Protein chains: 2
Amino acid sequence: MQAVENHKLSRCACCVIRHKGICDALTDAELMQFSQIATHRSYEPGDIILSSDEKTDFFAAIHTGVVKLTKILIDGRQQVVGLLLPPDFLGRAFSKSNPYFAEAATKVELCCFPHDKFEHMLDDFSQLKQRLLEQTLDELDSTREWMVLLGRKTAEERVASLFLMLANRWMKTDCAHQSGQQQEVFELYLKRDEIADFLGLTYETVCRQISVLRKSGVVQFSGTRRFSVPNLDALAEIAG
Amino acid sequence: MQAVENHKLSRCACCVIRHKGICDALTDAELMQFSQIATHRSYEPGDIILSSDEKTDFFAAIHTGVVKLTKILIDGRQQVVGLLLPPDFLGRAFSKSNPYFAEAATKVELCCFPHDKFEHMLDDFSQLKQRLLEQTLDELDSTREWMVLLGRKTAEERVASLFLMLANRWMKTDCAHQSGQQQEVFELYLKRDEIADFLGLTYETVCRQISVLRKSGVVQFSGTRRFSVPNLDALAEIAG
DNA sequence: CGATCTGTTGACGGCAGTCAAGTCAAGTGG
DNA sequence: CCACTTGACTTGACTGCCGTCAACAGATCG
């Protein structure tokens with residue numbers, strides 16, 4: 001029993017997101033307790049992790065991969081309302097259902113916590129709740145930033161904004177990039193039609209605007225889903 | 001001194017939003033402490049309450065009136081990213097600045113709490129932090145709902161969605177509406193160009209789509225900013 | 001090799017934006 | 001009291017960006 005706990009603690013202790021996501025709010029001792037309720041789950045691209053308005057029985061930290069949050073209208077029109085990367089948190093606390101679909105955009109590994117036990121721990125560890133609040137506030141900020149994009153930006157500005165956002169997120173979390181090195185390469189993660197659903201466009205328009213940016217030299221592509229940015233300021237200028 | 005406290009408590013105790021907003025999370029005894037740090041401020045339509053990225057020194061509960069949260073691009077394009085009605089909470093906790101403008105859309109009265117004292121109280125009263133978290137999560141949900149509108153809905157659907165949202169919010173909070181009464185009358189609060197900035201349209205398009213809905217009988221106007229809805233289901237159908 | 005999925009590019013049309021004129025109500029000042 | 005101004009709103013004519021429809025290219029896989 002003790003051995004198992006130690007094993008589980010060590011799994012958490014050496015977890016790549018130990019000091020990034022909500023887990024960072026916990027001490028090693030608290031993490032020990034936390035690790036006992038955590039289980040891992042894996043998903044393939046396209047898998048539905050959570051269905052809209054289905055009662056959810058777990059929360060999760062994104063361990064690896066990318067998760068899309070989407071909403072759909074009755075006639076099938078779809079909008080991506082959030083993109084979760086490690087070490088983001090997945091799930092709607094203090095509510096029995098969540099109003100989005102969560103879909104794996106890439107291979108995904110989650111670290112899951114049962115619904116009721118996690119909410120109890122939120123009450124026990126005030127630092128955890130604090131962290132969740134701060135993360136939710138940050139998410140609200142970036143969601144509103146995206147509202148400006150959807151409401152007011154042109155197609156070209158939208159695509160440029162997406163590239164800029166991905167580049168910034170990449171450099172913030174995976175900041176193991178050696179300075180003075182050659183061009184940083186970023187991952188797009190999404191297919192053209194997923195990008196379209198994120199930007200409020202059609203996939204043809206996304207294609208065209210990517211071509212425009214590529215031909216003007218603002219971004220350089222290697223394959224269809226990897227790109228680099230010679231001049232981030234120029235990209236930011238276009239993104240508005 | 002004691003007299004003043006009693007006076008202040010009584011002001012909170014009989015406050016119209018005492019049992020609606022975050023204050024509802026407090027006991028009468030806690031409210032007493034709370035009332036000692038609270039001050040009231042008034043604003044006229046068009047007044048800027050908070051400027052984007054300006055360091056904020058207070059939080060506030062909306063007592064009366066309507067507050068717009070907006071963001072602008074360098075060339076002046078504007079997007080309303082949130083609409084706050086009583087008893088909503090204004091301010092970005094645990095961050096020295098907030099990335100939006102807060103502007104009074106109508107006459108507004110705020111109940112304000114100093115920045116540092118309020119954050120201390122959040123730590124002292126866990127129910128308060130809990131309430132703030134839940135309110136933030138709800139705000140995130142409705143913001144994402146609005147992303148679908150901005151990204152995927154037509155002009156007519158957007159205007160219909162706004163009417164529906166206002167009707168629902170009105171009936172939820174001011175539910176002193178006598179049943180079996182004649183048509184409920186709702187307030188639009190915003191000018192045509194403010195609606196446009198909320199819906200990601202131009203004010204001419206907003207005008208035209210309001211005319212369409214009015215002529216089809218789905219909504220009835222008295223003046224330019226008051227309307228009633230004969231059939232809410234029909235409106236919801238159009239809103240998508 | 002064909003089948004399928006993903007991405008690219010062209011031609012055309014429509015919805016909403018742009019530009020502009022006009023209505024209406026409220027306020028201001030002579 | 002009336003001319004004038006101002007702000008909010010409405011409506012029309014035209015334009016253009018992006019959506020729709022369609023053909024095609026490349027990659028992956030059985």
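This structure is a prediction, so every number in the text was calculated from the model and none was measured. So you know, we letter chains A, B, ... as the sequences are listed, proteins then strands, and number each from 1.
Nearest-nucleotide mapping onto DNA chain C: of A155(B) and S211(A), the residue sitting toward the 5' end is S211(A).
A cation-pi geometry, defined here as NZ or CZ lying under 6.0 Å from the six-membered ring centre and within 45° of its normal, does not hold between R225(A) and Y189(A).
Contact of E204(A) with dC21(D) (side chain to base): a donor-acceptor pair of N or O atoms is detected under 3.5 Å. You'll find a donor-acceptor pair under 3.5 Å spanning the side chain of R208(B) and the base of dG12(D), going by distance alone.
If you check every strand for non-hydrogen atoms under 4.0 Å, G200(B) touches sugar and phosphate atoms only. Among the atoms of the strands shown, only primed sugar atoms or phosphate atoms (P, OP1, OP2) are found under 4.0 Å from some heavy atom of L201(A).
A straight line from CZ of R158(B) to C1' of dA16(C) spans 9 Å, rounded to a whole angstrom. Taking atom CG on L190(A) and atom P on dT6(C), their separation rounds to 13 Å, with Å as the unit. Distance, F227(B) CZ to dC9(D) P: 14 Å, rounded to whole Å. Per the geometry, CZ belonging to R214(B) stands 9 Å off C1' belonging to dT10(D), to the nearest Å. Here dA16(C) presents its C1' atom at 15 Å from CG of D197(B), a figure rounded to the nearest Å. Per the geometry, CZ belonging to R225(A) stands 11 Å off P belonging to dT28(D), to the nearest Å. Put simply, CD1 on I195(A) is 11 Å from C1' on dG7(C), counting in whole angstrom units. Here dC18(D) presents its C1' atom at 12 Å from CZ of R152(B), a figure rounded to the nearest Å.
Closest of all the heavy-atom pairs between E157(A) and I238(A) is CG-O, 3.2 Å. For A93(B) against L137(A), the heavy-atom pair with the smallest separation is O-CD1, 3.7 Å.
Not a single side chain to side chain donor-acceptor pair (under 3.5 Å) links T64(B) to another residue, sequence neighbours left out. Residues meeting the side chain to side chain donor-acceptor pair (under 3.5 Å) test with E187(A), sequence neighbours left out: R226(A).
Side-chain contact annotation: H115(B) with D57(B), donor-acceptor N/O pair under 3.5 Å absent. The closest side-chain donor-acceptor pair between R214(A) and S211(A) falls under 3.5 angstrom. No donor-acceptor contact under 3.5 angstrom links the side chains of Y203(B) and D197(B), judged on distance only.
At dG7(D), none of the side-chain N or O atoms of R192(B) fall inside 4.0 Å of OP1 or OP2 (strictly under the cut-off). Taking side-chain N and O atoms only, T224(A) has no distance below 4.0 Å to OP1 or OP2 of dA27(D). At the phosphate of dC17(D), neither OP1 nor OP2 sits under 4.0 Å from any side-chain N or O atom of T205(A).
Closest to the side chain of T202(B), from the set dT11(D), dT18(C), dT9(C), is dT18(C). Taking the side chain of K215(A) as heavy atoms from C-beta on, and the options dC9(D), dG17(C), dT9(C), the nearest nucleotide is dT9(C).
For the helix from dC1(C)-dG30(D) to dG30(C)-dC1(D), the axis fitted to the five pairs at one end and the axis fitted to the five pairs at the other end meet at an angle of 20° (nearest 10 degrees).
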